[in-house]
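Worksheet for the structure shown next.
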Protein chains: 2
Amino acid sequence: MQTFKELLDSSALKATHQRLAILNELDKKGHASIEEIYESIKQNFPSMSLATIYKNISSLKDKQIVSEVCTHPKSKFEITKEPHAHFICKICGEIEDIEFSDAIIDELEKKYPKSKKELYIYSICDKCK
Amino acid sequence: MQTFKELLDSSALKATHQRLAILNELDKKGHASIEEIYESIKQNFPSMSLATIYKNISSLKDKQIVSEVCTHPKSKFEITKEPHAHFICKICGEIEDIEFSDAIIDELEKKYPKSKKELYIYSICDKCK
DNA sequence: TTCTGTGCAAATCTTTTGCATGGCA
DNA sequence: TGCCATGCAAAAGATTTGCACAGAA
């Protein structure tokens, strides 16, 4: 696995503290909103600006280093991984990565080749039950 | 099929001109954003206020009369129908309803009973090809 | 008549932008 | 050193709210 620095290098983005902090935060949390990333990083890095997070999330998305998970009421972000589906808890809002089954991938790939596919399951997670 | 008035009556929402206009607009367009609904209705109904659309979309969603389709960069809304998936054109942003296949529904229903399932396919529509 | 819904304007949030300065390569 | 990235503050955009009045039941 590449380091975050290598990932950034290979995308022609400079490996700034701010970018590495954002990627570490997403790596640690799995999924986080702009505001959550900001609040968390600010603890150890008080000069971090919200505008910097917006700008970086935008460029990291352009380079496909991070992906947006479109949930209500706010989008969250994750480090781009293999395609997978998301289980979203209607109560606490936590997002859990789940597998696309092969059968589903095959069927969708046949019908909609090369398209981006997003599957969301909204239910109640084990903790909230 | 119920009329929109009956739908509103049975949800204890008054059948105002504004609400009927919103539902007619969604019925006509299939999918529309807040701004699109507003711009379109204002043509024939200049006193229609944007705040009224926000308030009504919110109450219509609460009553599950309309559903939100979470697309980028703006959400769109549709009249609630049978569960279905969405094909979203990456170029023009048009949304097309597509069927969930029985195989997919069965598999997901077995794994995640009674959950709300959303599937989005992002690709390029016939017009834009 | 009653009470919910509307329209307006202000308030609040969210996101973007411009620009001077800082810091990675 | 050369540029890209950052931080700040202001601007722009999106959404919500409060309140007096209008209109559906």
Side-chain angles (χ1 to χ4, degrees), chain A residues 2-26 32-63 65-66 68-77 93, chain B residues 2-26 32-63 65-66 68-77 93:
Chain A
Q2 293 180 97
T3 62
F4 290 142
K5 178 163 187 332
E6 287 163 353
L7 241 186
L8 292 170
D9 287 349
S10 64
S11 299
L13 294 177
K14 289 189 178 171
T16 61
H17 285 157
Q18 289 84 343
R19 282 187 185 139
L20 293 168
I22 291 170
L23 292 174
N24 282 323
E25 189 58 30
L26 289 178
S33 67
I34 298 273
E35 203 60 31
E36 285 165 353
I37 297 169
Y38 177 60
E39 290 304 328
S40 176
I41 293 181
K42 221 174 29 160
Q43 306 300 319
N44 308 308
F45 197 159
S47 71
M48 168 66 87
S49 142
L50 187 53
T52 296
I53 301 199
Y54 275 104
K55 288 171 187 168
N56 278 324
I57 285 290
S58 168
S59 42
L60 292 167
K61 264 203 325 177
D62 289 347
K63 301 292 188 179
I65 295 173
V66 310
E68 183 161 2
V69 184
C70 192
T71 65
H72 287 291
K74 319 215 125 231
S75 280
K76 296 198 175 189
F77 300 87
Chain B
Q2 293 180 98
T3 62
F4 291 142
K5 179 164 187 334
E6 287 163 354
L7 241 187
L8 292 169
D9 286 350
S10 64
S11 299
L13 293 177
K14 290 189 177 170
T16 62
H17 285 160
Q18 290 84 341
R19 280 185 186 140
L20 292 168
I22 291 170
L23 293 173
N24 282 324
E25 188 59 29
L26 288 178
S33 67
I34 298 272
E35 202 60 31
E36 285 166 353
I37 297 169
Y38 176 59
E39 290 303 329
S40 176
I41 293 180
K42 222 175 28 162
Q43 306 299 321
N44 307 309
F45 197 158
S47 72
M48 168 66 87
S49 141
L50 187 53
T52 297
I53 302 199
Y54 276 104
K55 287 170 186 167
N56 278 325
I57 286 289
S58 167
S59 42
L60 292 166
K61 264 203 327 177
D62 289 348
K63 301 292 189 181
I65 295 173
V66 310
E68 183 162 1
V69 183
C70 191
T71 65
H72 287 291
K74 318 213 126 233
S75 281
K76 296 198 173 188
F77 300 87

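When reading the values below, keep in mind they use all heavy atoms of this one structure, side chains included, and skip hydrogens, waters and symmetry mates. As the structure is a prediction and not an experimental result, all values here were calculated from the model.
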Nearest-neighbour nucleotide for the B:Lys14 side chain, D:dT15, C:dT4, C:dT16 considered: C:dT4
Pairwise 5' ranking along DNA chain D for A:Met48 and B:Lys74, keeping only the more 5' one: A:Met48
Integer-rounded Å distance: C:dT16 P and A:Asp62 CG: 11 Å
Touch class at under 4.0 angstrom, heavy-atom based, for B:Leu13 against every strand present: sugar-phosphate
Spacing between A:Ile22 atom CD1 and D:dA5 atom P, to the nearest angstrom: 12 Å
Passing option when A:Asn56 is tested against A:Leu23, A:Ile65, A:Ile22, A:Leu13 for side chain to side chain contact (heavy atoms under 4.5 Å, CB included): A:Ile22
Interatomic distance where NZ belongs to B:Lys42 and C1' belongs to C:dT6 [whole Å]: 16 Å
Sugar-phosphate, base or nothing in reach of A:Lys55, heavy atoms under 4.0 Å: base
Interatomic distance, B:Glu68 CD vs D:dT15 C1' [rounded to whole Å]: 12 Å
D:dG7 OP1/OP2 closer than 4.0 Å to side-chain N/O of A:Ser47: yes
Touch class at under 4.0 angstrom, heavy-atom based, for B:Thr52 against every strand present: base
Backbone N/O of A:Ser11 and side chain of A:Lys63: donor-acceptor pair under 3.5 Å: yes
Smallest separation among heavy atoms of B:Lys76 and B:Gly93, with atom names: NZ-O, 3.8 Å
Under-4.0 Å side-chain N/O to phosphate OP1/OP2 contact, A:Asn56 with D:dT6: yes
Main-chain N/O of A:Ala51 paired to A:Ser49 side chain as donor or acceptor, under 3.5 Å: yes
Distance below 4.0 Å between A:Gln18 side-chain N/O and D:dG7 OP1 or OP2: yes
Under-4.0 Å side-chain N/O to phosphate OP1/OP2 contact, B:Thr16 with C:dG5: no
Length of the line joining B:Leu50:CG and C:dT12:P, which is rounded to integer Å: 19 Å
Nearest-angstrom distance from the residue atom CG of A:Leu8 to C1' of C:dA25: 13 Å
Side-chain (A:Ser10) to main-chain (A:Glu6) donor-acceptor, under 3.5 angstrom: yes
A:Lys5 side chain near C:dC24 phosphate (N/O to OP1/OP2, under 4.0 Å): no
Given DNA chain C, 5'-ward residue of the pair B:Ala51 and B:Arg19, judged by closest heavy atom: B:Arg19
Distance in angstrom units between B:Tyr54 OH and C:dC13 C1', rounded: 12 Å
Interatomic distance where CD belongs to A:Glu35 and C1' belongs to C:dT12 [whole Å]: 14 Å
